[in-house]
Amino acid sequence: MISVAKENFSIRQICDSGQCFRLRKLNQPAHETGSIKKEEGRWKEPKEAAEAERYGLTAFGRFLEIEERQNEITFHCEEEEFEQIWKGYFDLEEDYGKIIALIDEKDDYLLRAAAFGSGVRILRQDLWEMIVSFIISQQNNIKRIRKCIDYLCERYGEKRKTQSGIVYYDFPTPKALSDVSLEDLYACNLGYRSRYIHETAVSIASGQVDLKALRAMAYEEAKTELMKLHGVGVKVAECICLFALHQTQAFPVDTHIHKVLAKQYPEGFPVQRYKGYEGTLQQYIFYYDIMSVSEESMLAYSTNGEWRS
DNA sequence: TACCAGGCAATAA
DNA sequence: TTATTGCCTGGT
């Protein structure tokens, strides 16, 4: 087991940040959105060591159990595995405090967003898994995305078992998905995205688009190459660049970010000032926005029982 | 019941 | 080149 201090690092926040779909709280009904049960309301920091929150992560063909306590995070694996895989996966060699310190002291909104989600990090996830995951994400919500991905893994991924007997499924390979009929993909509730997944799997399994070459490409080139895949547009390509290729200059704009930009940055987000860190800051904004929706709703509810606009 | 959700591709203008 | 529209499905 390996424990690390919680410096700008929160599994709970990463779990809810919308960048990964196979990290989730354990002892919770399958497909529950992220770390919080609806009826529980806001998540509270565990006070005692005994109140550790347990998470399960499936990635790179492995299952990792993680415990989060008030001041530390414990990875249930050997040191070698941690050094070789998870240290890089969670981007633990980057100093996020340094990034937050770059924020314009006059930018109250961005300061609040970064303080709120200071434990969020940009993961280095598997490229193929991110391509499929973000094609599924379009016009979709996190809960359903998780469900669709689970379904694909359980049906077409390799079944595996940890030493302690936990059963999990690897993400299906491009070849495995390219062999699945459109009809069977529709049965996974992928809807019109079924066609995109099928054609993308064929493109990659056939070598028409090369994952290895993609990993070596610079941002603009990688984005253009990704958009050759059916079902991958600008937004999805930028998400893949950010969450798989760790190109932190990517700045995906979805409806949430679009809304925030219009309200907080009518003159445009100062991308020049934050060059190379746009994607990280975007993630703070995104997390702040999706997580504060319920909070804002409560604040908007005035004491006389009427809703303020 | 109708509309929308963390877009995209096809088609029209 | 830019604007509009259909698309699967589950939730409200």
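First the proteins, then the strands, lettered A, B, ... as listed; each starts at 1.
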Between B:dC8 (P) and A:I197 (CD1): distance, integer Å: 13 Å

Complementary nucleotide for B:dG6 - Watson-Crick or wobble, under 3.5 Å: none

Atom pair distance, as rounded to whole Å: NZ in A:K259 and P in B:dC4: 16 Å

Touch class at under 4.0 angstrom, heavy-atom based, for A:Y186 against every strand present: sugar-phosphate

Which nucleotide in B:dG7, B:dG6, C:dT9 has an atom nearest any side-chain atom of A:I290: B:dG6

Whole-Å distance separating the OH atom of A:Y151 from the C1' atom of C:dG10: 15 Å

Selection from B:dA10, B:dG6, B:dC8 that lies nearest to any side-chain heavy atom of A:H230: B:dA10

Sugar-phosphate only, base, or nothing, as touched by A:I136 at under 4.0 Å among non-hydrogen atoms: nothing

Value in whole Å for how far the P atom of B:dA9 lies from NZ of A:K228: 14 Å

Residue of the set A:E67, A:E68, A:E65 for which salt bridge (charged side-chain N to carboxylate O under 4.0 Å, His left out) holds with A:R54: A:E65

Protein-nucleotide distance (A:Q139, atom CD; C:dG6, atom P), rounded to Å: 14 Å

Euclidean distance, atom CD of residue A:Q138 to atom C1' of B:dG7 [Å, nearest integer]: 5 Å

Minimum-distance nucleotide to A:R193 side chain [options: C:dT9, C:dC8, B:dG6]: C:dC8

Rounded distance (Å) that lies between atom C1' of B:dC3 and atom CG of A:N141: 15 Å

Gap separating the CG atom of A:D254 from the CD atom of A:E238, nearest 0.5 angstrom: 10.5 Å

C:dC8 - base-pair partner by Watson-Crick or wobble geometry, distances under 3.5 Å: none

Comparing A:G231 and A:F286 on DNA chain B - which has the more 5′ nearest nucleotide: A:F286

Closest to the A:Y192 side chain, choosing from C:dC8, B:dA10, B:dG6: C:dC8

Validation row, ring centre A:F21 to ring centre A:F243 under 6.0 Å: no

Interatomic distance at P, B:dG6 relative to C:dA3, whole Å: 24 Å

Test applied, side-chain contact (heavy atoms from CB on, under 4.5 Å); reference residue, A:V209; option that passes from A:L229, A:T200, A:L226: A:L229

Distance-only polar pair, side chains of A:N140 and A:S137, donor-acceptor under 3.5 Å: no

Distance, P atom - from C:dC8 to B:dT11, rounded to whole angstrom: 14 Å

Interatomic distance, A:I142 CD1 vs C:dG10 P [rounded to whole Å]: 18 Å

From B:dC8, B:dA5, B:dG6, nucleotide with atom closest to A:R144 side chain: B:dA5

